[in-house]
Amino acid sequence: MKVLVIIEHDNETVKQSSFSTISAAKEISDSIEAIVLGQGIDSVINELKKSDHLKKIYKIDNELFQNPLAENLSKAIHKFTEGSDYTHILSPSSTFGKNMSPKLSALMDVQQISDITKIISDDTFERPIYAGNAIAKVKSNDPIKIITVRPTCFEPCALNSSVDVESLETNLDKNNLISFVSYDKSKSDRPELTSAKIVISGGRGMQNGENFRLLEGIADKLGAAMGASRAAVDAGFVPNDWQVGQTGKIVAPDLYIAVGISGAIQHIAGIKDSKFIACINKDEEAPIFNFSDYGLVGDLFELLPKLEEKL
Amino acid sequence: MKALVCVKRVIDYNVKIRVKSDKSGVETDNVKMSMNPFDEIAVEEAIRLKEKNQIQEVVILSIGTDKSQETIRSGLAMGGDRGILVKTEKDQLEPLTVGKIIKSVSDKEKPDLIILGKQAIDDDCNQTGQIVATLLEFPQATFASELKKNNDNTLEVTREVDGGLETVKINIPCVVTTDLRLNEPRYASLPNIMKAKQKKIDVLEIGSFDIDIKDRLQILEVNEPPERKPGIKVDDVDSLVEKLKNEAKVL
Ligand SMILES: Cc1cc2nc3c(=O)[nH]c(=O)nc-3n(C[C@H](O)[C@H](O)[C@H](O)COP(=O)(O)OP(=O)(O)OC[C@H]3O[C@@H](n4cnc5c(N)ncnc54)[C@H](O)[C@@H]3O)c2cc1C
């Protein structure tokens, strides 16, 4: 068994999801290598080098990979793996991995296993289906397993090592059919939604974007990340990438606080691995109470200022 | 320009999923089925492009059993021009196989735009569009929340990615997968539902494709997710904070 982990980064830092993917790889084999493709990635490599469990890091530093275009990445990774003896290729199931990994699987004629949450053996995995309302145990009969890993299900690896790095060149031609135009990064000083210890989210009950200030004060006090339901995002209260749920972000903090969120199954799909869930909702029949460890019935506009004061 | 929209028949998103007691899968007998909501968004987008005269024909493709004709019909009722069913015995094919079939249909149909949902809400795989783009060597724009056709035969697509929005420009022909915020699909009107009955659906047998449809993945069992233990209602903010501090120890 030999595992290749594809590292997600932003040319500056390594995404937490990559460290979680390395931990997942460790459950498959002790022989783990990583590949980083990017441009000007010295700081990424310096951070990644400390990862426990990695035997080696390959880096390809080239302007081709300045932006993570899946066309270029998948081709380069495919070339790199040709003639190698990797049995498993793992990526995080973030939008980066979801965009790129199926392309790699098509190039290699492998049926990818998406978004695994548990490793049973080197060929058998668990993954949620139907928005997490069922869990499938699947066995892959492909000679190489291409997998995306749900990061919140694996603790990030520790950083106590110093791993060898080998630099590689690429002679890949740029794909001229696609070009990068822009990346509009949502600004936030808060912790990342998917790795925060505490997350506080607002739903349609917040009524407008202004009112999210009521959550901000609490998030500041708790050092929490902020999220939202689809209804709140669709209504334009908050940016798109705040959406938590089946089709948004999957979170698993120690504490998830849902405010003015009814608890639709698609929202629950994104939060049910949280250690504790608390909610505030004025409708005591709202489904969110069935999933909450601690539920508070009442008007959020009255309760949130009180909560902020008590913290 | 021609659009090929790929649609999948899935359990309706409002249905409460029940796992079969023999753990072989989920209950689909007597369960309401609908078009995958993401694919509905894809149909809507194609029709809007047609209404803007940027597309001349919208072809709706589904791969599945005979029942998938219903799904194609609902796409035709929304405004699609004609349908293609690639008929299979099996309810579910794997994304790699589906990707190969779509490629093969596309080789014949020569669409300029292949548009489909970013994921199906049954297997939640999120793979098919990417596979199709790779096999056809078309550029892809996944998780689209905005789409604009330029005059130079390119599309400018805004993508919902972690941490923000990415915009890419892709040459036509291309593959786009849709995210929730791209549009709000229309309801088909009664007259349009009636009209759709007259529209043509070509049925192609899967056997006529030279594609190995054997599954690579074996589903060993399907289980209920672990239940969360029942929680409690607290009386006021004070007791909430007290519980979070002293019982849950998360503050
Ligand atoms: C294919 C598909 C994918 C989806 N993916 C997602 C997803 O990823 N994430 C997601 O969240 N949703 C998703 N949805 C949408 C989901 O079905 C729900 O529509 C959505 O989660 C509802 O958001 P909400 O709870 O904020 O709004 P609502 O259901 O309208 O609930 C609002 C709640 O606020 C409460 N409230 C109102 N005023 C107050 C007040 N003053 N004080 C206290 N409480 C108050 C109400 O009692 C109510 O319970 C998806 C749907 C589909 C079809």
Quick one: closest heavy-atom pair of [X] and [Y], and the distance?
| X | Y | answer |
| --- | --- | --- |
| Phe138(B) | Glu71(A) | O-OE2, 4.4 Å |
| Ile135(A) | Pro225(B) | CG1-CA, 3.8 Å |
| Ile113(A) | Gln127(B) | N-NE2, 4.5 Å |
| Leu177(A) | Glu137(B) | CD1-O, 3.6 Å |
| Asn126(B) | Pro102(A) | O-CG, 3.8 Å |

Let me confirm one number: the [atom1]-[atom2] distance from [X] to [Y], rounded to the nearest 0.5 Å.
| X | Y | atom1 | atom2 | value |
| --- | --- | --- | --- | --- |
| Asp184(A) | Glu166(B) | CG | CD | 11.0 Å |
| Gln130(B) | Lys103(A) | CD | NZ | 7.5 Å |
| Ile271(A) | Arg228(B) | CD1 | CZ | 7.5 Å |
| Thr134(B) | Leu107(A) | OG1 | CG | 5.5 Å |
| Thr124(A) | Glu221(B) | OG1 | CD | 10.5 Å |
| Asn240(A) | Arg159(B) | CG | CZ | 13.0 Å |

Just wondering, are more than 12 heavy atoms of other shown residues or ligands nearer than 6.0 Å to [atom1] in [X]?
| X | atom1 | result |
| --- | --- | --- |
| Glu146(B) | CD | no |
| Asp210(B) | CG | no |
| Lys67(B) | NZ | no |
| Lys90(B) | NZ | yes |
| Lys149(B) | NZ | yes |
| Ile219(B) | CD1 | no |
| Lys118(A) | NZ | no |

(request) With chain A as the partner chain, list the residues of residues 19-40 of chain B whose heavy atoms fall under 4.5 Å from it, by residue number, and write 'none' if nothing qualifies. (result)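 Only Val19(B), Val26(B), Phe38(B) of residues 19-40 of chain B have a heavy atom under 4.5 Å from chain A.
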(message) Applying a heavy-atom distance below 4.5 Å, give me the residues of residues 230-251 of chain B that approach chain A, sorted by number.
(response)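 Heavy-atom contacts from residues 230-251 of chain B to chain A are Gly231(B), Ile232(B), Lys233(B), Val234(B), Asp235(B), Asp236(B), Val237(B), Asp238(B), Leu240(B), Val241(B), Lys243(B), Leu244(B), Lys245(B), Glu247(B), Ala248(B), Val250(B), Leu251(B).
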(request) Between chain A and each of Lys229(B), Glu224(B), Gln218(B), count heavy-atom pairs under 4.5 Å; write down the option with the most. (result)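 Ranked by contacts with chain A, first place is Gln218(B).
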In terms of heavy-atom proximity below 4.5 Å to chain B, should [X] be classed as side chain, backbone, both, or neither?
| X | result |
| --- | --- |
| Ser182(A) | both |
| Ala264(A) | neither |
| Asp115(A) | neither |
| Asp293(A) | both |
| Gln112(A) | both |
| Ile277(A) | both |
| Leu303(A) | both |
| Phe289(A) | side chain |
| Ala278(A) | side chain |

So, does [X] use its side chain to make a donor-acceptor pair with the main chain of [Y] at under 3.5 Å?
| X | Y | result |
| --- | --- | --- |
| Ser114(A) | Cys125(B) | yes |
| Ser186(A) | Gly163(B) | yes |
| Asp162(B) | Thr95(A) | yes |

Are the side chains of [Y] and [X] in contact, using a 4.5 Å heavy-atom criterion?
| X | Y | value |
| --- | --- | --- |
| Thr167(B) | Phe180(A) | no |
| Gln243(A) | Arg181(B) | yes |
| Leu217(B) | Lys139(A) | no |
| Gln140(B) | Asn99(A) | yes |

(message) Quick test of your reading of the model: are Asp124(B) and Arg127(A) salt-bridged, counting only N-O distances below 4.0 Å?
(response)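 No salt bridge links Asp124(B) with Arg127(A).
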(message) Salt bridge check, Asp109(A) against Lys100(B): does any charged N sit closer than 4.0 Å to a carboxylate O?
(response)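 Yes, Lys100(B) and Asp109(A) are salt-bridged.
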(request) May I ask you to list the residues in residues 246-259 of chain A that approach chain B closer than 4.5 angstrom, counting heavy atoms only, ordered by number? (result)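 Within residues 246-259 of chain A, the residues under 4.5 Å from chain B are Gln246(A), Thr247(A), Lys249(A), Asp254(A), Leu255(A).
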(message) Strictly less than 4.5 Å between heavy atoms, which residues of residues 190-200 of chain A line up against chain B? Please order them by number.
(response)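 Residues in range: Ile198(A).
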Engaged part of [X] at the chain A interface, taking heavy atoms whose separation is under 4.5 Å:
| X | answer |
| --- | --- |
| Ala133(B) | both |
| Ile11(B) | side chain |
| Lys16(B) | neither |

Greatest number of heavy atom pairs closer than 4.5 Å to chain B - which of [options]:
| options | result |
| --- | --- |
| Asn290(A), Asn67(A), Val233(A) | Val233(A) |
| Ser188(A), Ala136(A), Gly298(A), Gly223(A) | Ala136(A) |
| Ile178(A), Asp123(A), Val297(A) | Ile178(A) |
| Lys306(A), Arg230(A), Lys275(A), Lys272(A) | Arg230(A) |
| Lys98(A), Gln266(A), Glu284(A) | Lys98(A) |

(message) Please evaluate residues Tyr13(B) and Ile265(A) with respect to the criterion side-chain contact (heavy atoms from CB on, under 4.5 Å), reporting the C-alpha separation (whole Å), side-chain torsions for both, the decisive distance (0.1 Å), and the verdict.
(response) CA-CA 9 Å; Tyr13(B) 81 96; Ile265(A) 51 166; over 6 Å; no
(request) Determine, stepwise, if the pair Val168(B) / Leu69(A) fulfils side-chain contact (heavy atoms from CB on, under 4.5 Å). (result) CA-CA 9 Å; Val168(B) 292; Leu69(A) 294 178; 4.0 Å; yes
(request) Please lay out, stage by stage, how Ile129(A) and Val222(B) fare under the test side-chain contact (heavy atoms from CB on, under 4.5 Å). (result) CA-CA 9 Å; Ile129(A) 54 176; Val222(B) 173; 4.3 Å; yes
(request) Could you walk me through whether Ile121(B) and Tyr130(A) pass the side-chain contact (heavy atoms from CB on, under 4.5 Å) test, one step at a time? (result) CA-CA 6 Å; Ile121(B) 60 164; Tyr130(A) 294 93; over 6 Å; no
